[in-house]
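Taking it in order: structure first as structure tokens, then the write-up.
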There are 2 protein chains.
Amino acid sequence: MARTVGSDGEKTRSAIRDAATGLFARHGYDAVSIRQIAAEVGVQAAALYRYFATKEDLLFDLMQSHMDALIDSWEQQRPNDDPTARLAAFVGNHIRFHIERRHSTHVNNMELRSLSHDRLSTILRLRGAYEKELRQILRDGAETGAFVIEDVTLTAMAIIQMITGVIVWFRPDERLSVTQVTETYHQMTMRLVGAQEWESQHV
Amino acid sequence: MARTVGSDGEKTRSAIRDAATGLFARHGYDAVSIRQIAAEVGVQAAALYRYFATKEDLLFDLMQSHMDALIDSWEQQRPNDDPTARLAAFVGNHIRFHIERRHSTHVNNMELRSLSHDRLSTILRLRGAYEKELRQILRDGAETGAFVIEDVTLTAMAIIQMITGVIVWFRPDERLSVTQVTETYHQMTMRLVGAQEWESQHV
DNA sequence: TAAGGAATAAAACGGTCGTTCAATTAATTC
DNA sequence: GAATTAATTGAACGACCGTTTTATTCCTTA
């Protein structure tokens with residue numbers, strides 16, 4: 001029956017996703033063949049088509065899951081606090097999430113152009129929703145006078161690019177721990193938005 | 001003769017480079033075929049091989065030229081001034097350069113993985129030399145007390161990612177001019193490094 | 001205007017790609 | 001344990017890839 005077999009199928013499905021994430025991140029979507037992914041899973045190329053109709057379906061599945069997980073992670077963490085505390089939480093959650101998922105982050109940042117128009121829109125919509133959260137924090141902080149901000153949209157982009165960039169150079173087991181990196185970025189972010197004083201809310 | 005004919009050859013060569021830059025930036029190195037590039041130039045695929053031995057040679061040529069031009073642009077602009085003025089000049093030059101060369105910047109940021117090991121090293125060496133300039137500015141500013149910096153390397157990466165990120169969202173003919181964008185990033189950068197006061201050196 | 005080299009075109013090469021299909025094996029149900 | 005269905009294989013398809021080879025055109029120079 002589909003029930004018990006389904007559980008094995010889900011295991012294979014997730015093995016495919018893991019293999020594809022790593023290969024896409026390292027070599028790029030176009031440079032990776034279905035046969036390579038299949039080989040890493042230990043299966044023939046044709047077998048993948050029982051789980052994903054096309055190669056692009058597989059890519060889209062990875063990217064959508066990534067965005068869903070990112071938004072979910074923030075929603076479970078978001079404090080109902082003053083803008084300073086919310087910004088600290090946002091930065092901390094963002095950095096932690098992206099370090100933990102370097103590979104799928106890389107795929108999401110690099111392979112947008114490999115998606116069809118409709119699927120690109122879907123991903124961009126999710127991305128927009130996430131960034132809107134940051135813009136709202138910045139807007140609130142500017143209104144209460146907690147932050148000094150010239151342009152909310154532009155500042156939001158600057159912060160996101162800055163904190164997402166961590167994955168470009170950060171490698172675990174180096175001189176800095178995740179906590180140290182997060183702490184330093186927290187301080188830089190607070191200065192960037194002109195936050196005059198903030199408690200040591202090291203999230 | 002090679003002289004007069006050479007000048008036509010150089011025109012074709014630069015047409016190839018322009019076409020390849022645009023196509024690589026839009027669709028990615030792997031997704032673009034030699035035949036596509038040739039078609040955009042108005043020539044047959046085999047003709048490109050008179051100018052570039054392989055497709056990767058073409059990519060490397062584009063990436064190396066980009067880095068050379070970036071470093072050259074900074075060297076012609078670098079002031080022998082205090083750290084605050086030098087940082088302002090660095091940010092201004094960087095943003096201006098990258099907005100003017102969005103496509104080749106995109107190629108340089110996205111296609112590192114398509115290079116062979118040796119060529120990757122060459123590009124990374126150039127990149128390292130450029131980033132070293134920023135680190136030196138930050139170090140000087142930290143020593144004179146002009147800046148508040150927890151970690152020079154980390155701050156340099158944060159600034160570079162922030163200001164390079166402009167090309168991800170900035171489009172000409174939108175609500176903001178290059179000057180406005182540069183000015184806002186200048187202010188954000190100065191706050192980020194904790195510069196207590198700075199003249200309006202809008203470079 | 002004939003000669004000679006530079007530039008291009010046209011065709012072909014071997015290889016790999018994403019995907020499909022028929023045949024086979026493995027697992028589940030009755 | 002036979003029947004049924006799910007899962008996988010191996011082979012094949014047509015398309016396109018980067019590159020090479022050979023032939024042809026164009027242009028310069030003597």
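Proteins come first, then strands; the chains are lettered A, B, ... in the order of their sequence lines, and each starts at number 1. Only a predicted model underlies this, so the values are computations on that prediction, with no experimental measurement involved. Every heavy atom of this structure was used, including side-chain atoms; hydrogens, water molecules and symmetry mates were not.
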Donor-acceptor pair under 3.5 Å, A:Arg50 side chain vs D:dT9 base: no
Of the listed nucleotides D:dT8, D:dG18, C:dG18, the one nearest the side chain of A:Thr12: D:dT8
Using whole Å, what does the distance between atom C1' of nucleotide C:dC17 and atom CG of A:Leu48 come to? 14 Å
A:Gln44 CD - C:dC21 C1' separation (whole Å): 15 Å
Please state whether the phosphate of C:dT16, meaning OP1 or OP2, lies under 4.0 angstrom from any side-chain nitrogen or oxygen of A:Ser33. no
Look at the side chain of B:Ala46 and decide which nucleotide, out of D:dT19, D:dT9, D:dT20, has an atom nearest to it. D:dT20
At less than 4.0 Å, is any side-chain N or O atom of A:Tyr51 found next to OP1 or OP2 of D:dT8? Yes or no. yes
For A:Gln36 and C:dG18, give me the distance from atom CD to atom C1', rounded to whole Å. 13 Å
Are A:Phe90 and A:Trp74 an aromatic pair, judged by ring center distance below 6.0 Å? yes
How many whole angstroms separate atom CZ of B:Arg35 from atom P of C:dA11? 13 Å
Check: A:Leu176 and A:Thr184 side chains under 4.5 Å, non-hydrogen atoms: no
Could you tell me the separation between the CZ atom of B:Phe24 and the C1' atom of D:dG18, rounded to a whole number of Å? 12 Å
Just checking B:Val41: base, sugar-phosphate only, or nothing, at a heavy-atom cut-off of under 4.0 Å? nothing
Whole-Å distance separating the CG atom of A:Asp57 from the P atom of C:dG18: 14 Å
In whole angstroms, how far is the C1' atom of D:dC17 from the CG atom of A:Asp30? 12 Å
Quick check on B:His106: does its NE2 atom have over 12 non-hydrogen neighbours (other residues, nucleotides or ligands) under 6.0 Å away? no
Is the distance between the ring centroids of A:His66 and A:Phe97 less than 6.0 Å? yes
In whole angstrom, what separates A:Phe52's CZ from D:dT8's P? 13 Å
Should the pair B:Trp169 and B:Tyr185 be assigned to parallel (<30°), tilted (30 to 60°) or perpendicular (>60°) ring geometry? parallel
B:Val43 has its side chain closest, among D:dG18, C:dG18, C:dA9, to C:dA9
